[in-house]
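All values derive from a computational prediction rather than experimental measurement. Below, chains carry the letters A, B, ... as their sequence lines are ordered, and counting in each starts from 1.
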Amino acid sequence: MARSDEAQAFFHAVYSAAQQIPYGKVTTYAHLAYLVGTPQRPRQVGVCMKHLPHDEDAVFNSSNVPWQRVINSKGAVSPRSQPSGATNQAAALRKEGIEVTRTAMGEFTIDLEVYGWFPEELEEEE
DNA sequence: TACATGACGGGAT
DNA sequence: AATCCCGCCATGT
């Protein structure tokens, strides 16, 4: 495979963790990094989401991984996703009942005190 | 192969 | 309180 096995495992871990974010809740790139055991690489979590396949046949794809529930530490939707991607993400979150506020700078923010999901560890998969 | 970039974060300034 | 700066490392050029 193109990517190293280590990277492959990292991607898998991140996607699996993301799938555990409950409907109507959100978490941060940093927390996912923490959950998969690499708290110093939140940036790589972003890379994982960026490369999330749209291919329905892939084990992990944009349909079965709730990537929209992953936002940055400031409680805002990452503005660097795709052009207008942030708007779509905000809409998807509102659809889940999450209150998304639009700031003057065109950023979409969420109250992590209310909608944040920050478990200490992942639940066992069977 | 080498260098730049980036769905980020936290400490320093 | 707002910015800057650096670490991290898979990808893109």
Side-chain angles (χ1 to χ4, degrees):
Chain A
M1 50 184 89
R3 291 172 236 124
S4 70
D5 291 341
E6 192 177 333
Q8 186 72 49
F10 181 79
F11 272 60
H12 183 107
V14 170
Y15 292 143
S16 294
Q19 291 182 320
Q20 296 196 35
I21 304 172
Y23 180 95
K25 291 286 185 178
V26 297
T27 194
T28 65
Y29 295 97
H31 196 69
L32 283 186
Y34 163 77
L35 290 177
V36 302
T38 57
Q40 300 164 285
R41 297 170 209 146
R43 199 165 201 169
Q44 299 315 114
V45 173
V47 172
C48 291
M49 292 303 151
K50 181 180 181 182
H51 292 277
L52 181 60
H54 287 295
D55 180 1
E56 294 291 335
D57 295 325
V59 177
F60 295 109
N61 58 62
S62 54
S63 295
N64 61 30
V65 176
W67 60 275
Q68 72 270 22
R69 298 179 196 149
V70 185
I71 63 180
N72 66 32
S73 188
K74 297 184 287 295
V77 171
S78 296
R80 304 180 200 167
S81 43
Q82 301 154 34
S84 325
T87 303
N88 270 330
Q89 185 170 357
L93 292 173
R94 281 173 175 146
K95 198 172 179 182
E96 300 190 357
I98 296 174
E99 185 179 6
V100 183
T101 304
R102 183 176 176 290
T103 68
M105 309 181 291
E107 292 279 311
F108 297 97
T109 62
I110 295 167
D111 187 348
L112 293 177
E113 293 295 315
V114 178
Y115 303 103
W117 178 75
F118 301 103
E120 294 299 311
E121 56 187 65
L122 294 173
E123 290 180 19
E124 293 303 320
E125 200 84 35
E126 54 212 72

Next on the checklist: Evaluate A:Glu107 against A:Lys74 for salt bridge (Lys or Arg N to Asp or Glu O under 4.0 Å), listing each step before the verdict.
Outcome noted: CA-CA 11 Å; A:Glu107 292 279 311; A:Lys74 297 184 287 295; over 6 Å; no

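- The separation between A:Leu32 atom CG and B:dC8 atom P is 13 Å, rounded to whole Å.
- Atom C1' of nucleotide B:dC8 and atom CG of A:Leu112 are separated by 14 Å, given to the nearest angstrom.
- A donor-acceptor contact under 3.5 angstrom links the side-chain atoms of A:Arg43 to the base of C:dG7.
- Per the geometry, CG belonging to A:Asn72 stands 5 Å off P belonging to B:dG9, to the nearest Å.
- Taking atom NZ of residue A:Lys50 and atom P of nucleotide B:dC8, one finds them 10 Å apart after rounding to whole Å.
- Mapping A:Val47 and A:Thr28 onto DNA chain B by nearest heavy atom places A:Val47 at the nucleotide closer to the 5' end.
- Side-chain atoms of A:Thr87 and A:Phe108, non-hydrogen and from C-beta on, do get closer than 4.5 Å to each other.
- In this structure, the nucleotide among C:dT11, C:dC8, B:dG9 sitting nearest to the side chain of A:Ala30 is B:dG9.
- At whole-Å resolution of the value, CD in A:Gln40 and P in C:dC5 are 22 Å apart.
- In this structure, CZ of A:Phe118 is placed 13 Å from C1' of B:dG9, rounded to the nearest angstrom.
- Contact check, A:Ser78 against B:dC8: a side-chain N or O comes under 4.0 Å of OP1 or OP2.
- Taking the side chain as every heavy atom from C-beta outward, A:Leu93 and A:Val77 approach each other to under 4.5 Å.
- Put simply, NZ on A:Lys74 is 12 Å from P on C:dT3, counting in whole angstrom units.
- Under a 3.5 Å cut-off, the side chain of A:Gln20 and the backbone N or O of A:Glu123 do form a donor-acceptor pair.
- Whole-Å rounding puts the A:His51 NE2 to C:dA10 P distance at 11 Å.
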